[in-house]
Amino acid sequence: MLYFLSVLFGLIIGSFLNVIILRYKTGRTLSGRSGCLSCGKKLNWHELFPVFSFLVQGGRCRGCKSKISWQYPLVEILTGLLFLLIFWHSADNWLATIFYWVIASLLIIITVYDFRHQIIPDRFVFTFILLGLLQPLILSDHPVLTNTGWGIVGGIVTALPLFVLWLISRGRWLGFGDVKLALGVGLLLGWQFGLSALVIAFWVGALIGLFLIAWGKTQLWRKGKSYTMKSEVPFAPFLILGFWLVFFLSINVLIF
């Protein structure tokens, strides 16, 4: 029952995360009922059930019949899945569970926002860094942790390679937001696991980049445009994927 409730809670939070992602920097507040982005129709209570409402409506607005973005159910499902895995991973430690649920929520916002806009909002990444600094104080007995000093070393070591790339390229190869995100990853994981997450991110990013180039054209990010070696692909989602793989599976690629 607790596992089911953790998934259900994640679906609800995922619905709220969609609101944050879509309204952030638009001048709209988080209050007020959601509506169709095409016709402006306000959604009724039975149209707001995470995932279920999307499926029942066939992925279309009841008013104007325009297509509803797949972002909505995907973010809800991803949040539900992460909340379930975190609840299982934290071994009945409710403080750790809540802490990493907050981390998961921040990283989902960063991932989707970077996909949509190729930018990482400072408000969310700075909150992520702050939680990385506070982790040893909040979860002093949690097995994932190192002490605060080693956490800071981990953050610096993990962020340093991206900082060098950013400095050499003058921001052309990646944004400074990726450097800040890597700092938070290292603070949470320590230097060995932080670098492992970074290596995994480069591997996955390179494989997907080569796939997109080989495919020639894709509608995944930019409809109808060919991908080349000079095309921009957001790096934050790959780094966040590396973070979760290391977090759940304790992968250390630095062991030879």
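Positions are given from 1, in the same order as the sequence printed here.
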*Take atom CZ in Arg60; do more than 12 heavy atoms of anything else shown fall under 6.0 Å from it?*
yes
Under 6.0 Å between ring centres: does that hold for [X] and [Y]?
{"X": "Trp94", "Y": "Phe87", "result": "yes"}
{"X": "Phe235", "Y": "Phe202", "result": "yes"}
{"X": "Tyr100", "Y": "Phe247", "result": "yes"}
{"X": "Trp203", "Y": "Phe238", "result": "no"}

Mind checking whether [X] and [Y] have side chains closer than 4.5 Å, heavy atoms only?
{"X": "Leu22", "Y": "Arg116", "value": "yes"}
{"X": "Asp122", "Y": "Lys180", "value": "yes"}
{"X": "Val75", "Y": "Ile108", "value": "yes"}

*Any donor-acceptor pair under 3.5 Å from Asp114 side chain to Pro234 backbone*: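 Not at all, since once roles are kept as given, no pair shorter than 3.5 Å links the two residues.
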_As a test of understanding, state which of Leu241, Ile240, Leu78 forms a side chain to side chain contact (heavy atoms under 4.5 Å, CB included) with Thr111._
Ile240
*With under 30° as parallel and over 60° as perpendicular, where do the rings of Phe163 and Phe176 fit, or are they tilted in between?*
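Ring orientation, 0 to 90° scale: perpendicular.
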*Indicate whether the side chain of Tyr113 and that of Gln118 have a donor and an acceptor atom separated by less than 3.5 Å.*
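The criterion, which ignores hydrogens and geometry beyond distance, is not satisfied for Gln118 and Tyr113.
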